[in-house]
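Basis for what follows: all heavy atoms, side chains included, without hydrogens, waters or symmetry-related copies. Order of appearance sets the numbers: ligands from 1, and atoms from 1 within every ligand.
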Amino acid sequence: MTHIPFVVAENAQEIAQTVAAEIAALIRERNAEGRSTVLGLATGNTPILLYRELVRLHREEGLDFSRVITFNLDEYYPMQPDSSQSYHYFMHHHLFDHVNVPASQIHIPDGSLPREAIADFCAAYEQKIQQAGGLDFQLLGIGENGHIGFNEPGSARDSRTRLVRLDATTRRNAAGDFGGEDLVPREAISMGVATILEARRIVLIATGSKKATIMQKVLHSAASSDIPATFLQLHENATIYVDTAAHASLV
Ligand code: F6R
């Protein structure tokens with residue numbers, strides 16, 4: 001079992017500032033070289049403060065997103081992009097509407113495709129990441145079941161962008177957003193574990209006491225499909241940031 005470097009911070013805001021500063025430094029360095037920055041982005045509660053800080057850096061400190069290319073991890077299936085429950089909506093609301101990433105450089109899995117078009121879409125998504133030069137930085141949250149993206153327990157190390165079935169835990173946790181567990185989509189399109197592990201840098205953020213139990217398991221279990229986040233042990237440049245609440249039961 002390899003050790004994944006992890007940093008314990010006082011609170012979620014401190015993590016947001018640290019990680020936003022790292023992303024901003026990367027974007028500035030790339031901009032100075034006239035190169036693009038390819039970001040893999042996550043949705044959910046965890047990155048909201050981080051996106052708020054990136055928006056602040058854009059507004060107050062002139063952080064220029066014009067060369068940034070983004071690829072989101074996942075989207076529910078089926079899901080219309082203009083639905084308020086979609087990850088399209090989430091990303092525009094929390095980040096894209098407030099910074100200058102050109103629309104043509106934003107990529108989010110399309111939950112509105114007919115089922116028969118999904119496989120080709122997923123292959124093209126992988127290709128676009130490659131054509132952009134690969135992911136420079138991948139941001140991750142973690143599910144209470146150890147999922148990264150929507151790579152639920154059982155997801156293979158070599159999995160790629162694909163249609164996945166959502167775990168019961170994931171659907172239960174999303175029930176509030178959909179007005180009941182029965183209304184949560186049963187499937188999603190998600191980047192795979194292999195797609196994520198190819199990023200040159202990975203940062204996983206876990207905040208709040210609900211993540212304490214899974215974080216203990218992630219840090220003390222060998223890499224396996226049972227807890228997909230353990231696959232980060234196989235990456236040479238991954239860091240986990242936890243706040244004191246998510247760290248509470250770590251030994
Ligand atoms: C979201 C995603 C998920 C979330 C995870 C944690 O794009 O890929 O893996 O990061 O479910 O969600 P929150 O942050 O809401 O606890």
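Counting heavy atoms from C-beta outward, Glu75 and His88 have side chains that approach closer than 4.5 Å. Residues Leu166 and Arg186 fail the side-chain proximity criterion, which asks for heavy atoms closer than 4.5 Å.
Distance CG/Asn145 to CD1/Ile227: 9.5 Å, rounded to 0.5 Å.
Protein residues having at least one heavy atom under 4.0 Å from any atom of ligand 1 are Ala42, Thr43, Gly44, Asn45, Thr46, Leu73, Asp74, Gly141, Ile142, Gly143, His147, Gly149, Lys211, listed by chain and number.
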Under the side-chain contact (heavy atoms from CB on, under 4.5 Å) rule, what do Thr43 and Met91 come out as? Steps first, then yes or no, please.
CA-CA 7 Å; Thr43 58; Met91 288 308 301; 3.7 Å; yes

Can you give each donor-acceptor pair under 3.5 Å made by side-chain atoms of residues 93-100, sequence neighbours left out, with the distance rounded to 0.1 Å?
{"residue": "His98", "atom": "NE2", "partner": "His93", "partner atom": "O", "Å": "2.7"}
{"residue": "Asn100", "atom": "OD1", "partner": "Phe65", "partner atom": "N", "Å": "2.7"}
{"residue": "Asn100", "atom": "ND2", "partner": "Asp64", "partner atom": "OD1", "Å": "2.8"}

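In summary, Glu126 and Arg160 engage in a salt bridge, as defined by a charged side-chain N under 4.0 Å from a carboxylate O.
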